[in-house]
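A quick note: this is a predicted structure, and the numbers were derived from the prediction, not measured. Note on naming: letters A, B, ... go to the chains in the order of the sequence lines (proteins, then strands), and numbering restarts at 1 for each one.
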2 protein chains.
Amino acid sequence: MAATIHDVAREASVGIGTVSRVINNSPRVKPATRERVLAVIDKLQYKPDPIARSLVSKRTNSLGVIVPFFTRPFFMELLRGVEIVSARLERELILYNVETNAQRDHYFSELPMRRKVDGLLIVSLTPGDAVSRRFQDAGLPVVLIDAYSPLFTSLVVNNVEGAYEAVKFLIEKGHRRIGFINGLIEGNFKFNQANDRLIGLHRAFGEAGLLFEPELVLTSEWSRMGGKQAALQLLSQQKRPTAIFAASDMQAVGVLEAAKELGILVPEQLSVIGFDGIEVSELLELSTIYQPVQAMGEQGAALLVELIDNPAKIPELIRFDTKLLERHTTGPALTPVTHSEEQGLPEGEASRLATRHLL
Amino acid sequence: MAATIHDVAREASVGIGTVSRVINNSPRVKPATRERVLAVIDKLQYKPDPIARSLVSKRTNSLGVIVPFFTRPFFMELLRGVEIVSARLERELILYNVETNAQRDHYFSELPMRRKVDGLLIVSLTPGDAVSRRFQDAGLPVVLIDAYSPLFTSLVVNNVEGAYEAVKFLIEKGHRRIGFINGLIEGNFKFNQANDRLIGLHRAFGEAGLLFEPELVLTSEWSRMGGKQAALQLLSQQKRPTAIFAASDMQAVGVLEAAKELGILVPEQLSVIGFDGIEVSELLELSTIYQPVQAMGEQGAALLVELIDNPAKIPELIRFDTKLLERHTTGPALTPVTHSEEQGLPEGEASRLATRHLL
DNA sequence: TTGTACGCGTTATCAA
DNA sequence: TTGATAACGCGTACAA
């Protein structure tokens with residue numbers, strides 16, 4: 001059996017109060033007795049029991065993070081940031097992964113009650129009013145990452161601006177028929193992100209005097225497969241787009257796959273730009289709108305800990321800027337080609353080129 | 001303030017013992033009073049405090065997982081498996097990420113003491129004798145994944161066999177000069193894996209009567225960059241290999257990058273095969289040795305929970321088989337080319353082909 | 001079937 | 001500067 005504070009007290013011939021003061025380095029203890037107690041602690045290998053400690057202190061020294069689809073690269077890189085500072089600040093990290101609305105609601109309703117965490121980081125999910133009130137009533141510190149609520153400190157990336165830049169960039173390259181594959185609003189996950197990116201697109205279109213063509217805008221899951229399906233649809237239209245902007249890198253990867261399957265050369269015949277700037281975008285030399293995901297994770301965790309230490313802190317809104325990363329999937333627009341006239345390149349050669357893998 | 005068991009007892013005019021029996025559905029309570037208590041519980045929104053509960057029950061309902069470099073795809077996919085079953089079994093998941101020996105030792109020594117978790121999953125790390133004893137003395141259930149110890153239930157993949165198959169496959173394709181980029185033994189992380197894969201290589205070489213050429217075997221970090229550096233070195237030798245086997249997919253990706261940089265065509269001039277079968281290998285159409293990582297995570301978590309419920313369970317060793325995934329980075333060996341004679345393809349064309357990205 | 005009292009291992013209060 | 005004692009919220013013998 002592990003030693004308790006009583007064992008130490010007895011062995012050192014002091015009261016448990018004194019031992020407690022020693023382990024919490026209170027100054028109110030005579031150096032001599034402190035030494036003695038410390039010696040016994042060392043001898044008995046005594047470690048205060050964190051559970052008993054939290055029972056009275058109401059603190060668990062751990063951070064909870066609610067994150068949807070945590071294996072997706074975007075969330076992984078964010079989690080990495082969170083982990084870095086939670087480790088540095090010596091907090092345990094409890095992972096609440098959500099894949100369904102039911103799971104989300106479950107955590108949203110359970111977590112405020114059972115005080116298993118000192119604070120909560122909510123990623124890419126926006127708690128509704130009722131839920132928000134529960135968090136507040138429970139006095140549970142909350143920080144939102146990639147989501148916004150006036151009630152909580154929120155870290156967001158400028159999605160509108162990012163999307164605007166992506167589209168403007170394509171327009172400047174001469175593209176006029178620009179497809180957009182937006183991300184699905186998965187049961188209110190990712191609601192703002194999808195919306196904002198659409199707004200940015202509209203703004204760029206408006207500025208350039210382009211009219212918005214509904215048949216060029218599709219919605220898919222935030223995944224490779226989703227992007228591929230959507231791209232297949234977009235690219236088999238009569239007058240297919242010369243450029244596609246995808247709301248996430250994974251979707252953009254799907255676009256690349258679709259293009260390859262159709263024998264369409266990127267970037268010669270089709271420009272593709274993604275959103276996120278995750279590692280695969282680098283591997284595939286995908287042009288993209290980079291967002292500082294890891295930094296957001298780090299700062300989010302840091303702010304949460306601050307908030308835990310000072311619950312009176314008022315919520316703030318922190319914005320992060322995106323950055324356009326021009327790589328090799330975007331190029332100037334050619335004169336638009338229709339299906340019937342695209343025989344310029346000998347069939348064999350085109351598909352051979354298109355089939356070359358190797359990043 | 002949240003309601004406690006006392007509030008419920010008073011409101012329902014019963015003793016706290018009865019309330020306790022109700023929430024733990026003990027049969028020893030009259031249906032009528034149970035109803036009454038349940039009603040009050042509902043009315044007061046009472047939830048038993050998990051901390052107070054663990055203080056007496058000695059259980060936290062949470063699983064700890066010690067994992068090195070958790071953002072690396074291999075570990076991510078494993079974690080996904082762990083998360084799936086920990087969520088299903090309603091256990092919290094606490095993440096202990098390890099990036100240095102110091103961190104590993106820290107967790108190894110702290111975790112057995114502070115009973116913050118009911119059990120521990122240790123991934124790709126082999127605890128030494130002293131540490132193992134600590135875990136056992138503390139009575140902390142432990143399951144090893146991708147690591148082996150006779151003291152704990154261990155889930156391992158047949159690395160020797162996997163490496164053997166990879167190399168045999170290359171040999172059957174006609175390759176004779178086969179480079180091997182092994183993974184670094186990072187302060188004893190991944191020790192067995194690297195060793196086993198080398199053994200598999202030797203076996204295949206031996207069977208085929210090939211002699212082992214030390215200059216074709218390098219070691220690098222288990223990363224893209226590491227693989228790339230090693231490949232650059234391998235491929236700039238006078239008589240460069242016609243095939244490279246990398247100990248991990250990420251390293252293999254680095255090999256592809258190196259080949260591209262040198263204008264070497266894959267698979268025409270160089271075959272590349274990786275190990276792991278992570279998602280990027282699919283994206284890049286990389287041939288590889290697949291290991292059922294997610295399944296290992298799932299089963300590891302399930303076994304850990306079993307062990308927690310029945311600590312007397314004796315350790316078992318569970319093996320998983322690899323599977324060769326032939327994709328598009330491996331092909332038949334050409335007659336070896338030396339640097340001076342590889343001008344067969346016009347310079348421009350070769351590099352143009354090699355530069356084509358698009359998966 | 002039900003209620004009471006005690007213990008789990010700490011921290012905090014207060015008197016000494 | 002110290003020690004005794006009361007919480008913290010729950011599970012559980014034991015008594016009724």
TODO: Just call it for B:S13: base, sugar-phosphate, or nothing, with non-hydrogen atoms closer than 4.0 Å on any strand.
DONE: sugar-phosphate
- [ ] Would you mind telling me which of D:dC10, D:dG3, C:dT10 lies closest to the side-chain atoms of A:A52?
- [x] C:dT10
TODO: Ignoring backbone atoms, test whether B:K58 places a side-chain nitrogen or oxygen under 4.0 Å from the OP1 or OP2 oxygen of C:dG9.
DONE: yes
Task: Integer-rounded Å distance: C:dG9 C1' and B:R114 CZ - done: 15 Å
- [ ] Using atom CZ of B:R28 as one end and atom C1' of D:dA16 as the other, report the distance to the nearest whole Å.
- [x] 15 Å
Task: Candidate nucleotides D:dG9, D:dG3, D:dG11, ranked by approach to the side chain of A:T18 - the nearest - done: D:dG3
Open item on the list: Nearest whole Å is fine: how far is D:dG11 C1' from B:H6 NE2?
Closed with: 11 Å
Open item on the list: Is it the case that the base of C:dG3 and the side chain of B:R21 share a donor-acceptor contact (distance under 3.5 Å, atom types as modelled)?
Closed with: yes
- [ ] Could you please name the option among D:dC10, D:dC8, D:dT2 that lies closest to any side-chain atom of B:I5?
- [x] D:dC10
Open item on the list: Closest-nucleotide mapping onto DNA chain D: is A:K30 or A:I16 further toward the 5' terminus? I mean the 5' end.
Closed with: A:K30
TODO: Tell me what B:V56 touches on the nucleic acid: a base, only sugar-phosphate, or nothing, going by heavy atoms under 4.0 Å.
DONE: base
Open item on the list: In this structure, how many angstroms lie between the C1' atom of C:dA12 and the CG atom of A:L55, rounded?
Closed with: 13 Å
Task: Basic-acidic side-chain contact under 4.0 Å: B:R80, B:E83 - done: yes
Open item on the list: In the structure I gave you, are the side-chain heavy atoms of B:F74 and B:L78 within less than 4.5 Å of one another anywhere?
Closed with: yes
Open item on the list: Whether the side chain of B:T60 engages the backbone of B:K116 through a donor-acceptor N/O pair (distance < 3.5 Å, no angle test) should be reported.
Closed with: yes
Open item on the list: Does B:S54 reach a base, just sugar-phosphate, or nothing at all? Heavy atoms under 4.0 Å.
Closed with: nothing
TODO: Could you tell me whether A:R10 and A:D7 make a salt bridge, using a distance below 4.0 angstrom between a side-chain N and a carboxylate O?
DONE: yes
Open item on the list: Base, sugar-phosphate or nothing for A:S57? Non-hydrogen atoms, less than 4.0 Å.
Closed with: nothing
Task: Separation of atom CZ in B:R10 from atom P in C:dT2, rounded to whole Å - done: 19 Å
- [ ] Please state how far atom CD1 in B:I51 lies from atom P in D:dC8, giving the value in whole angstrom units.
- [x] 15 Å
TODO: Could you grab the distance from atom CD of A:E92 to atom CD1 of A:I94, nearest 0.5 Å is fine?
DONE: 7.0 Å
Task: Selected nucleotide, minimal atom distance to A:V14 side chain, candidates D:dC10, D:dG3, D:dT2 - done: D:dG3
TODO: Please state whether the phosphate of C:dT11, meaning OP1 or OP2, lies under 4.0 angstrom from any side-chain nitrogen or oxygen of A:S20.
DONE: yes
TODO: Take atom CG of A:D49 and atom C1' of D:dC8, then tell me their distance rounded to the nearest Å.
DONE: 13 Å
TODO: Using atom CZ of B:R115 as one end and atom P of C:dC8 as the other, report the distance to the nearest whole Å.
DONE: 15 Å
